[in-house]
Amino acid sequence: MNNNEIKALQSDFLNWYDQNKRPLPWRENQEPYYVWLSEIMLQQTQVQTVMPYFERFIQALPTLADLAQVPDDTLMKLWEGLGYYSRARNLKRAAQQIMTDYHGTFPQTAAELEQIIGIGPYTAGAIASIAFGEAVPAVDGNAYRVFSRLFDDTTDISKSSARQHFANEIAPLVPKERPGDFNQAVMDLGSSICTTKDPACLLCPLQPYCQAYAQGKQLERPVKTKKIKKKREQYLALVIHDEQGRVLLQERPAKGVLSGLYTYPLINEANLLSESQKVITSTQIAAFFKAQYELTLQQVQLLPVKPVTHIFTHLHWQLTLYTASIDANANLAYFPGRFFTTAAIAEQGLPTLQKKLQARFAAYQKNV
DNA sequence: TAAACGTGGTA
DNA sequence: TTACCAAGTTT
């Protein structure tokens with residue numbers, strides 16, 4: 001594309017954006033804190049999902065300084081259900097980093113922003129262009145789709161190297177004048193017109209420039225080869241009450257899925273079953289708890305309800321519910337977790353998996 | 001470089 | 001039910 005073509009494309013695209021931009025809460029101003037927060041929340045997450053979380057978050061923590069000091073419990077409650085919980089933890093760490101290392105003022109270039117925890121190449125480009133007017137691309141899934149079509153580019157977006165390749169291709173198109181609007185136009189176009197399955201090419205402001213459209217290959221772009229196969233795992237989920245009606249929850253290990261979050265105690269069936277064994281017994285579960293945590297369970301019973309299924313990006317879990325009781329004075333020294341009252345559970349930030357397990361148990365109780 | 005990391009929606 | 005998609009970063 002020569003300079004005149006690029007100018008025309010930029011003009012057509014920004015005019016389209018001016019007419020069609022979505023009114024989103026984080027577009028009301030260019031406050032870096034809000035731009036940043038929205039970009040983190042939007043990682044791998046759709047606008048509709050983010051909206052209520054964003055509103056609640058900025059109401060609870062209106063400034064960077066508030067975020068830097070927020071208690072972890074409050075933070076997780078605000079993030080509850082959004083997923084990828086390390087995003088929230090990194091958000092707080094980053095806020096502290098900016099308060100101490102940058103005197104509470106955001107760095108203003110993509111290169112500097114990328115040094116902050118939780119901000120990768122995409123988010124750095126997005127913040128730098130939207131909040132600070134730096135003419136850099138923001139290469140996300142939308143950009144892959146839009147520009148692989150525009151250039152009829154067959155680069156495999158499954159590969160890590162694809163991001164830099166597209167950044168190089170896109171950079172000459174980003175206007176010096178309105179780089180943030182240009183990048184946001186890419187996102188809006190990608191979500192409304194240049195969609196994966198049924199792109200509305202006839203309505204697209206870039207259609208006159210689109211090389212894939214010219215060849216009828218828009219559905220073959222972008223090229224993506226990798227597919228993740230989910231590992232199947234079976235778990236036991238134990239609903240353990242004491243005589244005061246409190247329930248025992250377990251804190252998940254610092255590494256791995258749902259790290260640091262609370263769930264009912266979960267036992268991987270693979271850790272319970274020996275070679276030829278097919279059936280798990282209540283006695284065996286109690287023995288496991290004794291051996292692992294020095295805890296004595298009583299009345300371990302299989303709950304006659306449908307197992308809970310939960311699907312992560314790379315895992316497919318099936319969880320069978322059990323109930324049991326335990327002494328309120330049991331020594332939890334060797335157990336990574338604690339008792340929760342009903343009220344305390346409601347205040348705790350819990351992963352959706354745990355919410356599902358609770359719902360299944362509640363539905364059972366209702367029918368008894 | 002590839003795998004790990006949540007969740008909700010759609011075909 | 002399975003598979004894939006959606007404003008990625010970290011290790």
Side-chain angles (χ1 to χ4, degrees), chain A residues 21-22 24-27 34-54 76 79-91 93-94 113-127 129-130 137-146 156-164 166-167 180 182-192 194-199 222 224-233 252-261 263 308-318 349-356:
Chain A
K21 67 184 282 190
R22 290 172 290 179
L24 301 172
W26 46 88
R27 285 181 176 173
Y34 298 121
V35 173
W36 170 53
L37 175 63
S38 68
E39 290 301 340
I40 301 295
M41 286 186 164
L42 285 161
Q43 289 170 4
Q44 301 291 284
T45 312
Q46 297 188 320
V47 165
Q48 192 183 335
T49 304
V50 166
M51 212 99 72
Y53 283 92
F54 179 82
M76 291 322 289
W79 207 265
E80 177 182 76
L82 240 199
Y84 288 134
Y85 296 92
S86 65
R87 287 185 297 174
R89 297 203 178 83
N90 287 341
L91 214 42
R93 288 174 58 195
L113 286 162
E114 210 176 322
Q115 302 309 309
I116 292 172
I117 183 71
I119 299 183
Y122 161 74
T123 306
I127 299 172
S129 62
I130 297 169
V139 188
D140 68 340
N142 289 305
Y144 282 149
R145 202 160 54 252
V146 169
D156 182 358
I157 65 165
S158 305
K159 307 207 168 195
S160 310
S161 55
R163 200 208 63 79
Q164 187 57 53
F166 276 99
F182 181 89
N183 285 332
Q184 292 182 91
V186 174
M187 301 172 202
D188 281 16
L189 190 76
S191 73
S192 64
C194 196
T195 55
T196 306
K197 300 198 178 149
D198 187 23
K224 183 178 179 180
T225 59
K226 188 177 65 185
K227 54 226 162 215
I228 308 163
K229 37 187 159 180
K230 296 180 176 9
K231 204 184 307 173
R232 282 179 172 277
E233 293 182 335
R252 301 202 37 89
K255 301 273 182 186
V257 197
L258 304 178
S259 58
L261 297 171
T263 65
V308 166
T309 294
H310 194 74
I311 298 170
F312 300 97
T313 305
H314 59 297
L315 298 169
H316 185 131
W317 281 9
Q318 187 172 48
L350 298 169
T352 298
L353 167 65
Q354 173 63 14
K355 298 279 195 178
K356 278 195 200 173

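Lettering follows sequence order; numbering is per chain, from 1.
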*asked:* Between A:S158 and A:T225 (side chain of the first, backbone of the second, donor and acceptor by atom type, cut-off under 3.5 Å), is there such a pair?
replied: yes
*asked:* Could you tell me how far C:dT9 sits from B:dG8 if I compare only their P atoms? Round to whole Å.
replied: 22 Å
_Below 4.0 Å: OP1/OP2 of C:dG8 and any side-chain N or O of A:Q44_ = yes
*Earlier contact from the 5' end, DNA chain B, for A:L258 and A:K159*: A:K159
*Using whole Å, report how far NZ of A:K356 lies from C1' of B:dG8.*
10 Å
*When you measure from the side chain of A:P121, which nucleotide among C:dT9, C:dT10, C:dA7 comes out closest?*
C:dT9
*Considering only C:dT10, B:dT7, C:dA7, which nucleotide approaches the side chain of A:L353 most closely?*
B:dT7
*Which nucleotide in the list C:dT10, C:dA7, B:dG6 gets nearest to the side chain of A:N90?*
C:dT10
*Of the candidate nucleotides C:dA7, B:dC5, C:dT2, which contains the atom at the shortest distance from the side chain of A:L42?*
C:dA7
*Between B:dG6, C:dA7, B:dT7, spot the one nearest the side chain of A:P351, thanks.*
B:dT7
*Is any side-chain N or O of A:T313 under 3.5 Å from a base N or O of B:dG6, one able to act as donor and the other as acceptor?*
yes
_A:Y84 side chain near B:dA4 phosphate (N/O to OP1/OP2, under 4.0 Å)_ = no
_Using a 4.0 Å heavy-atom cut-off, does A:L82 contact any base of the nucleic acid, only the sugar-phosphate backbone, or nothing at all?_
base
*Please figure out whether A:R93 or A:V47 has its closest DNA chain C nucleotide nearer the 5' end.*
A:V47
_Output the rounded distance in Å from NZ (A:K226) to P (B:dA3)._
7 Å
*Determine the contact category for A:S158: base if any of its heavy atoms lies under 4.0 Å from a base atom, sugar-phosphate if only primed atoms, P, OP1 or OP2 are that close, otherwise nothing.*
nothing
*Would you say B:dG6 has OP1 or OP2 under 4.0 Å from some side-chain N or O of A:H310?*
no
_How many whole angstroms separate atom CD of A:Q43 from atom C1' of C:dT9?_
6 Å
_Work out how far the P atom of B:dG6 is from that of C:dT11, and round it to whole angstrom._
13 Å
_As a test of reading the structure: which of B:dT7, C:dT2, C:dG8 is closest to the side chain of A:H316, going by heavy atoms?_
C:dT2
*Answer whether the closest heavy-atom distance between the side chains of A:Y122 and A:E39 falls below 4.5 Å.*
yes
*Do the side chain of A:R87 and the base of C:dA7 come within less than 3.5 angstrom through a donor-acceptor pair of N or O atoms?*
no
*Below 4.0 angstrom from OP1 or OP2 of C:dC5, is there any side-chain N or O of A:K224?*
yes
*What interatomic distance, in whole Å, is found between C1' of B:dT1 and the corresponding atom of C:dT10?*
13 Å
*For A:A138 against A:G125, the heavy-atom pair lying closest together*: CB-C, 4.0 Å
*Specify the closest pair of heavy atoms between A:R22 and A:R27, including all atoms of both residues, with the distance to one decimal.*
O-NH1, 3.1 Å
_Quiz item: A:T45 side-chain donor-acceptor pair to B:dG8 base, under 3.5 Å_ = no
*A:Q48 has an atom CD; how far is it from atom P of C:dA6, in whole Å?*
15 Å
*Can you tell me how far P of B:dG8 sits from NZ of A:K355, to the nearest Å?*
11 Å
*asked:* Run the salt bridge (charged side-chain N to carboxylate O under 4.0 Å, His left out) test against A:K355 and tell me which residues pass, sequence neighbours left out.
replied: A:E80
*Roughly how many Å is it from NE2 in A:H314 to P in C:dC5, rounded to a whole number?*
18 Å
*asked:* Tell me the interatomic distance from A:R163, atom CZ, to C:dT10, atom C1', rounded to whole angstroms.
replied: 14 Å
*Would you find a donor on one side and an acceptor on the other, under 3.5 Å apart, between the side chain of A:R87 and the backbone of A:M41?*
yes
_On the nucleotide B:dT7, are OP1 or OP2 found under 4.0 Å from the side-chain N or O atoms that A:T352 carries?_
yes
*C:dA6 OP1/OP2 closer than 4.0 Å to side-chain N/O of A:S191*: no
_Shortest non-hydrogen separation from A:Y34 to A:F54 and the atoms involved_ = O-CE1, 3.6 Å
*Starting from C1' on C:dA7, measure out to CD1 on A:I40 and report it in whole angstrom.*
10 Å
